[in-house]
Each structure stands twice: as C-alpha cells, then as structure tokens.
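These notes concern the structure reproduced below.
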Amino acid sequence: METKRSLEEIPPMKVGQWNSYRPEDVKRWGVERFLDEVAPKEPLEIPDLGFTEEENRRMDEILREEREAANNGI
C-alpha cells in the first residue's frame with residue numbers, strides 16, 4: 001500500500017539553473033527517494049578550462065602543500 005507522500009511528485013531539477021528544495025520537503029519525500037529521483041545518474045563532466053600542463057602541475061603542487069599544512073595543524 002502506497003502512502004500519500006510516496007505518490008507526491010518531486011519537482012525535477014532544471015538544467016542550467018539554480019535549484020533548491022526545502023529541507024522539510026526532502027524529509028517528507030524521504031531522502032533516499034529524493035536522491036533516486038533528483039541526483040544525476042552519470043558522472044559530472046568537467047569542461048576543459050584551458051590550463052597549460054605547467055599551470056595544472058603548479059595547482060596540484062599548491063593543493064598538496066595546503067593538504068600537508070592542514071594535516072600539520074597549520
């Protein structure tokens with residue numbers, strides 16, 4: 001037997017727009033059902049932002065340094 005909330009339609013995400021849902025709505029629909037219906041099924045494709053190999057290498061180095069600093073409590 002289906003409950004009223006399981007029959008309630010969840011508004012779909014709108015591509016290219018900000019989407020927001022009220023916490024009380026998600027709780028009413030159920031988090032698992034909400035994510036099953038709204039979350040993307042395929043991996044997020046990251047576009048090529050045009051960085052050079054040297055820029056990518058430097059950004060990776062900075063991120064590594066920041067992680068090490070955070071791990072050392074700095």
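The structure displayed is predicted, hence computed values, not measured ones.
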When rounded to the nearest 0.5 angstrom, what distance separates CG in Leu49 from CE in Met59?
8.0 Å

Please report the C-alpha distance between Glu54 and Arg57 in whole Å, then the side-chain angles of each, then the deciding distance to 0.1 Å, and finally whether the salt bridge (charged side-chain N to carboxylate O under 4.0 Å, His left out) criterion is met.
CA-CA 5 Å; Glu54 175 58 24; Arg57 187 198 61 71; 2.6 Å; yes

Are the side chain of Lys41 and the backbone N or O of Asp36 linked by a donor-acceptor pair below 3.5 Å?
yes

Fit a plane to each ring of Tyr21 and Trp29, take the angle between them on a 0 to 90° scale, and name the class: parallel (under 30°), tilted (30 to 60°) or perpendicular (over 60°).
perpendicular

Between Glu68 and Arg64, is the closest basic N to carboxylate O distance under 4.0 Å?
yes

Contacts of Asp25 that satisfy side-chain hydrogen bond (donor to acceptor under 3.5 Å, both in side chains) - sequence neighbours left out
Arg28

Can you tell if the side chain of Ile62 reaches within under 4.5 Å of the side chain of Arg58, non-hydrogen atoms only?
yes

More than 12 non-hydrogen atoms from neighbouring residues, nucleotides or ligands closer than 6.0 Å to CD on Glu61, yes or no?
yes

So does Glu32 have more than 12 non-hydrogen atoms from other groups sitting under 6.0 Å from CD?
no

